[in-house]
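For the single chain, residues carry numbers from 1 onward in sequence order. Both counts, for ligands and for their atoms, begin at 1 and track the order of listing. Heavy-atom basis, side chains included; hydrogens, waters and symmetry copies ignored.
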Amino acid sequence: VLDYTPPLQDVMFALDLVGLGELSASEVFAHADRDTVEGLLAEYGRFIAEQFGTVNELGDRQGATHHQDSGRVTLPPVIVEAYRRYVEAGWPSVPMGEAHGGGGFPWLVGIAMQEMLNSANMGFALCPLLTQGAIDALEHHGTEIQQETYLRKMVSGEWTGSMNLTEPEAGSDVGALRTKAWQEADGTWRVAGTKIYITYGEHNLTDNIVHLVLARVDGAPAGTKGISCFIVSGSEVNADGTLGVRNDVKCVSIEHKMGVHLSPTCVLSFGDDTGGAKAELIGEVNAGMRTMFTMMNNARLSVGVQGLAVAERAYQHAYNHATTRVQGRPVTGAVGDAIIGHPDVRRMLLTIRSTVEAMRLLCYTNAKAIDDARHSTDVVARATAQERADLLTPMSKGWSTDMGNEMCSLAVQVHGGMGFIEDTGVAQLSRDVRIAAIYEGTNGIQAMDLVGRKLGLRDGAVMRELIDEVRATASALTGDLAESGKHLAHAAERLASLSELMAQRQRTAPADLLAAATPFARLAATTVAAHLMGRQALASTGARRATAEFFITQVLPTAEGLVASIEAPSSAVMALSAQNLASS
Ligand SMILES: Cc1cc2nc3c(=O)[nH]c(=O)nc-3n(C[C@H](O)[C@H](O)[C@H](O)COP(=O)(O)OP(=O)(O)OC[C@H]3O[C@@H](n4cnc5c(N)ncnc54)[C@H](O)[C@@H]3O)c2cc1C
């Protein structure tokens, strides 16, 4: 299996392009100057490639183990040891807020670190990803005491976090959840119920796990309006910060999965032995969805980054194979030349490479908007940046994970038969990345979020402002980039008119809106990605300029093929009854 090499120069180029310099120039990020960030990422990349990249295949093969008698879950010892070193080196805290012991680096830098960690080992990277979601929720909605009790240890990585939304009857429809919560006579809270698919819900990396749990308080309204959010600490925390007795949370089983075998996906039972696990309410009763959205928004971007990250590693495999495998004589080459000489192989490689670069720019742009929304000194700029982040998030999540899947599949294709054999490692990447299009809101749900909520932000002005930027990039692509400029200008007008059509359907034809959501989301994200690649073309020479041109002139035009299905009413999609859809 090929080792992972962190693509430091590609990462730095993308960071520069999306505006790391602007962040470093601000007072709050003065310590995050370019040289410091590059040094940090170089060291981080080296560390995680060595500690987690080299055991990606081992993690896949050995996976997590559930011990039925105790309910405990263990990971392979090398992973436990690597985690210990990772925490000891202080890596988990780098992008977290300084108030609770974080390094105070921009989220943008944190996202670049997440890319590297997910390339190295997606099965492991899920642990800090879920912890980060829980940290976000506590930072925004926790009381001072809750923050003092939990945040410092979660930021340092001494404790991890888990997110407990899903139940057998409540997947995409979170509002259907049944886990109960009630207040005892002494004012303390209890939670009882079963959660499924809980990532890192139990493990032996740390001695405590802080579970954030969505539950329904007795008498709460139905649906999402009646959901409250609770902290259920794996063990009670004493006043001096040490751990007391274990709480009534048990891992009943873990799932056998298609990929990310290292990551324990747990069925967690709360309150089985005592009737209720001890819990603390976060925020107000029935306001749990707001808390969850805080943790989900950032987590959605992070899942998008998984698509990018795994595709980057798959590209490294594909490139390596294409330069060493000899088969046939390339049309413009000599006998004995490797398959990279074949135009069709070249097409596959350039498709993957340019799409990886485009995903990186999209996800990093999204992260930069999050930094601006949090830290810009101007209140209007903060609000505008938040709107931009809100608009981009379903695109980063949906498109980057769809592309992650498609690009990993293409990387398997470059390998020929070897791609299907587990020994190369690329098959694992393809299996691992599959889940990213499903969890944290399926990509169907992301597309519905884009057309149902995000297009309408500020009466459509947030989307229109973005389209104006696409137009400006198209106009700047002149001279030898004129062909790219033409394609991008066309795509910008398409996106403008289809966004109008979708807004109209939102008011008058919801079925047509929803039937077209997925093709529209793909067209929109491809166009925005092409706009960012246009900016790459303008800012670079050589290989980066060529891959940007390839993306705009070869990948972007494929979005045009979606127009007919977006414009059509839902009648074709809904023509058959459920019964008539059965095979016969
Ligand atoms: C490996 C793994 C890890 C996970 N980790 C966690 C975790 O840590 N915490 C947690 O809480 N959950 C976790 N999940 C759960 C995950 O978020 C859900 O599986 C996901 O949200 C989809 O829910 P579902 O499986 O019930 O599918 P369903 O909701 O049943 O969806 C089935 C299909 O129907 C579509 N669909 C559903 N509703 C609609 C609608 N209204 N309109 C259009 N289409 C719709 C979906 O897009 C999908 O294609 C994990 C799942 C897995 C497999």
Side-chain angles (χ1 to χ4, degrees), residues 60 63-64 73 122-134 136-137 160-179 193-203 209-215 223-224 227 229-230 232 249 251 253-268 270 288-289 291-293 295-296 298-300 302-303 306 310 394 397-398 401-402 405 431-453 510-511 513-521 570 573-574 578:
D60 181 54
V73 171
M122 178 173 160
F124 168 72
L126 275 162
C127 184
L129 194 161
L130 275 297
T131 304
Q132 159 216 310
D136 263 343
T160 65
S162 80
M163 286 167 46
N164 296 253
L165 290 77
T166 308
E167 297 176 13
E169 307 303 323
S172 299
D173 185 9
V174 182
L177 65 85
R178 292 176 185 171
T179 294
T194 301
K195 295 286 179 180
I196 63 168
Y197 297 155
I198 305 308
T199 299
Y200 281 90
E202 174 59 30
H203 60 74
I209 303 171
V210 181
H211 308 282
L212 294 204
V213 183
L214 287 190
T224 52
I227 290 177
C229 185
F230 294 87
V232 175
V249 187
C251 176
S253 61
I254 61 174
E255 307 294 344
H256 295 283
K257 308 193 295 292
M258 175 177 176
V260 288
H261 292 157
L262 182 65
S263 168
T265 305
C266 306
V267 176
L268 286 190
F270 295 87
M289 276 318 278
T291 311
M292 273 296 152
F293 268 115
M295 66 201 247
M296 275 175 354
N298 277 353
R300 284 182 172 173
S302 296
V303 170
Q306 295 190 313
V310 182
K397 197 283 180 180
T401 59
D402 277 347
N405 272 285
R431 288 185 287 103
D432 283 351
V433 82
R434 186 65 190 85
I435 185 59
I438 298 171
Y439 57 25
E440 214 48 59
T442 64
N443 285 359
I445 299 290
Q446 303 300 323
M448 285 163 50
D449 177 46
L450 179 66
V451 302
R453 291 199 195 95
L513 177 81
L514 295 176
T518 288
F520 174 83
S570 58
V573 173
M574 300 303 281

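For ligand 1, none of its N or O atoms has an N or O atom of Thr265 under 3.5 Å away. Here's the thing with Thr199: one of its N/O atoms is less than 3.5 angstrom from an N/O atom of ligand 1.
Nearest to atom 45 (C) of ligand 1 among the protein's heavy atoms is Ile445 CD1, 4.4 Å. Looking only at heavy atoms of the protein, atom 26 (O) of ligand 1 is closest to Gly171 CA, 3.1 Å. The protein heavy-atom contact nearest to atom 38 (N) of ligand 1 is Ser172 CB, 3.7 Å. Among protein heavy atoms, atom 25 (O) of ligand 1 sits closest to Tyr197 CE1, 4.0 Å. Taking atom 22 (C) of ligand 1 as the reference point, the nearest protein heavy-atom neighbour is Thr442 CG2, 3.9 Å. The protein heavy atom nearest to atom 20 (C) of ligand 1 is Ile438 O, 3.8 Å. Ranking the protein heavy atoms by distance from atom 52 (C) of ligand 1 puts Ile435 CD1, 3.7 Å first. Nearest protein neighbour of atom 15 (C) of ligand 1, counting heavy atoms only, is Thr166 OG1, 3.2 Å.
A search for salt bridge (charged side-chain N to carboxylate O under 4.0 Å, His left out) contacts involving Arg431 returns Asp60, Glu422, not counting sequence neighbours.
Within 4.0 Å of atom 10 (C) of ligand 1, at least one protein heavy atom is present. Counting only heavy atoms, the protein gets under 4.0 Å from atom 4 (C) of ligand 1. Distance check on atom 33 (C) of ligand 1: every protein heavy atom falls at or beyond the 4.0 Å cut-off. Using a 4.0 Å threshold on non-hydrogen atoms, atom 47 (O) of ligand 1 counts as touching the protein.
Residue contacts with ligand 1, taken as heavy atom pairs separated by less than 4.0 Å, do not involve Glu255 at all. Within the 4.0 Å heavy-atom criterion, both parts of Leu165, backbone and side chain, lie near ligand 1.
Near Tyr439, the atoms of ligand 1 lying under 4.0 angstrom from a non-hydrogen atom of the residue are 2 (C), 3 (C), 4 (C), 16 (C), 17 (O). Set against the non-hydrogen atoms of Met163, the atoms of ligand 1 under 4.0 Å away are 7 (C), 8 (O), 9 (N), 10 (C), 11 (O). Atoms of ligand 1 found under 4.0 Å from any heavy atom of Lys257, numbered from 1 in the order shown, are 1 (C).
Heavy atoms of other residues, nucleotides or ligands lying less than 6.0 angstrom from OH of Tyr197 number 12 at most.
Within the 4.5 Å cutoff, no side-chain heavy atoms of Met292 are placed close to those of Val174.
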